[in-house]
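Notes follow once the structure below has been shown.
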Amino acid sequence: MPTATHLDFQAARGVPETHEWPVLHDHPVVDGGAGAGEDEVPVVDLRDADPAKVAAAMARAAEQWGAFLLLGHGVPADLVARVEERIEAMFALPASEKTRAVRGRGESCGYGSPPISGFFDKSMWSEGYTFAPANVRLDLLKLWPDAGPHYLLFCEVMEEFHKGMFALAHKLLGLFLSALGLTAADCAAAAKIADTMAASMHLNWYPKCPDPKRAVGLIAHTDSGYFTFVLQSMVPGLQLFRREPDRWVAVPAMPGAFVINVGDLFNIVTNGRFHNVFHRAVVSRESHRVSLGYFLGPPAQAVVAPLDEALTLDRPRPAYRPVVWREYMGLREKALFVGESALKMIAVAKDDAPQTPKLHETS
Ligand SMILES: C=C1C[C@]23C[C@@]1(O)CC[C@H]2[C@@]12CCC[C@@](C)(C(=O)O1)[C@H]2[C@@H]3C(=O)O
Ligand SMILES: O=C(O)CCC(=O)C(=O)O
Ligand SMILES: [Fe+2]
């Protein structure tokens with residue numbers, strides 16, 4: 001697996017060959033802001049008084065886009081501002097301190113490019129930090145072994161954020177399920193999802209880039225889990241891939257909004273109904289940018305499969321075989337190596353699908 005090339009971004013006067021991506025201009029980029037018609041990124045506002053209307057809007061967005069902007073979520077703006085402040089302060093640390101915390105091979109926590117970067121020859125124009133928010137006090141000792149005031153402030157803010165986000169994630173999961181006509185109360189498999197869902201966080205820092213057309217902040221990918229909250233600061237950069245015609249839709253920076261991305265696993269459990277959105281982050285010449293991904297996924301040993309209740313008249317058979325989550329993540333790696341889709345690797349040929357699908361279960 002190639003390793004990312006370290007570059008002093010602040011000092012760079014141009015984009016070196018190590019960071020130059022030839023595939024960036026594959027498709028046109030269009031604006032996804034208000035008034036963009038077909039290209040307008042859907043907005044869901046949880047303050048809408050009718051929960052059925054909210055669930056319907058979420059279902060539509062999840063099916064057609066695999067993404068939407070979420071407003072009225074109740075996470076206080078001042079908390080989000082403090083989270084952004086801590087992210088900025090963390091990436092502003094000297095390289096000698098950040099590299100102390102480098103995420104090693106096979107480790108899930110630490111400083112460095114996101115795991116996906118290991119599958120490409122080229123390096124991205126970004127730095128990252130991954131950790132489990134439920135374990136932040138232990139994980140962040142890697143960066144701040146003396147557990148001083150910066151460590152304490154970082155941990156306190158991230159814990160407060162995690163508390164609000166985890167509650168919000170459960171609320172959103174309930175709405176997603178009700179959009180499928182399910183409740184955790186009457187579907188054991190859905191209840192298991194809610195009981196075992198865990199969060200991980202990945203922080204991104206995208207420095208200013210002297211030649212943004214030749215570099216990429218985060219290469220195009222789908223997220224693996226159920227769904228992700230993306231906090232993009234007021235500097236936009238997130239783009240969603242849309243078909244017919246193939247294009248990249250730039251997600252507008254909307255004050256107070258989270259972007260919700262549907263991941264591979266939601267595509268699996270909904271039997272292909274929710275779209276796992278392919279997305280990327282681009283960089284800018286004028287401003288650096290920070291973003292945060294709050295990922296919701298299952299335990300590594302969970303067996304995942306389409307929910308029985310997600311089988312519909314037009315898709316009465318499971319589209320995917322059951323798979324242990326750890327195995328699926330391994331298939332994602334294999335797929336990245338060969339430029340394939342991991343979902344295709346677990347897809348059941350239409351005629352081979354069993355009549356009686358296996359129950360979704362976690363162990
Ligand atoms: C839970 C996670 C999702 C993620 C892998 C991770 O363990 C933490 C980092 C996440 C991230 C962020 C950037 C894109 C991505 C594909 C990657 O390489 O690291 C996602 C991973 C994912 O969704 O599988
Ligand atoms: O920076 C962004 O807007 C995208 C982040 C993202 O896709 C991720 O962390 O998985
Ligand atoms: Fe992502």
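Note that ligands are numbered from 1 as they come in the structure, with each ligand's atoms numbered from 1 the same way.
- The distance between the ring centers of W205 and Y129 does not fall below 6.0 angstrom.
- For ligand 2, the atoms closer than 4.0 angstrom to any heavy atom of N204 are 5 (C), 9 (O).
- Remark: distances from the non-hydrogen atoms of H221 to ligand 2 include one below 4.0 Å.
- Scanning the protein for heavy atoms near atom 4 (C) of ligand 2, the closest one is L238 CD1, 3.8 Å.
- Atoms of ligand 2 found under 4.0 Å from any heavy atom of V230 (numbered from 1 in listed order, with element): 3 (O).
- For H150, the NE2 atom is loosely surrounded, since the number of other residues' heavy atoms within 6.0 Å does not exceed 12.
- Summary: OD1 is the N/O/S atom of D223 found nearest to the Fe ion (ligand 3).
- Under the ring pair (Phe, Tyr, Trp, His ring centres under 6.0 Å) rule, F154 has a single partner from F161, F91, W144, which is W144.
- Close contacts of ligand 2 with L218, meaning ligand atoms under 4.0 Å from a residue heavy atom, involve 5 (C), 6 (C), 7 (O), 8 (C), 9 (O).
- Taken together through direct or relayed side-chain contacts under 4.5 Å among Ile, Leu, Val, Met, Phe, Trp and Tyr, M345 and M329 form part of one hydrophobic cluster.
- Using a heavy-atom distance under 4.0 Å as the criterion, the protein contacts of ligand 1 are P114, P115, I116, T130, S200, H202, H221, D223, S224, F295, M329, R332.
- Ring-plane geometry between F176 and F274 is classed as tilted, the angle between the planes lying from 30 to 60 degrees on a 0 to 90 degree scale.
- Atoms CD1 and CG, from I87 and L292 in turn, are 4.5 Å apart once rounded to the nearest 0.5 Å.
- The one candidate from Y206, W21, F9 that meets the ring pair (Phe, Tyr, Trp, His ring centres under 6.0 Å) condition with W125 is F9.
- Here is the list of ligand 2 atoms found below 4.0 Å of a heavy atom in A281: 1 (O), 2 (C).
- Between Q232 and ligand 2, no pair of N/O atoms sits closer than 3.5 Å.
- Between H202 and F295, the two ring planes are perpendicular [angle over 60°; tilted spans 30° to 60°].
- The atom of H279 nearest to the Fe ion (ligand 3) is NE2, with the search restricted to N, O or S atoms.
- F241 and H27 have tilted rings, their planes meeting at an angle from 30° to 60° on a 0 to 90° scale.
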Determine, step by step, whether H170 and F166 satisfy the ring pair (Phe, Tyr, Trp, His ring centres under 6.0 Å) criterion, reporting the C-alpha distance in whole Å, the side-chain angles of both residues, the deciding distance to 0.1 Å, and the verdict. CA-CA 6 Å; H170 278 89; F166 205 52; 4.7 Å; yes
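- By the neighbour-count criterion of 12 heavy atoms within 6.0 Å, atom NZ of K208 is sparsely surrounded, having that number or fewer from other residues, nucleotides or ligands.
- L238 contributes atom CG, which lies 9.0 Å from atom CG of L218 (distance to the nearest 0.5 angstrom).
- Less than 4.0 angstrom separates some heavy atom of H279 from each of these atoms of ligand 2: 7 (O).
- Protein heavy atom in closest approach to atom 3 (O) of ligand 2: R289 NH2, 2.7 Å.
- The shortest N/O to N/O separation between N261 and ligand 2 does not fall below 3.5 Å.
- Listed by number with element, the atoms of ligand 2 under 4.0 angstrom from any heavy atom of D223 are 10 (O).
- Distance check, rounded to the nearest 0.5 Å: CD of E309 to CG of D186 gives 8.0 Å.
- Near F295, meaning under 4.0 Å from any of its heavy atoms, are these atoms of ligand 2: 8 (C), 9 (O), 10 (O).
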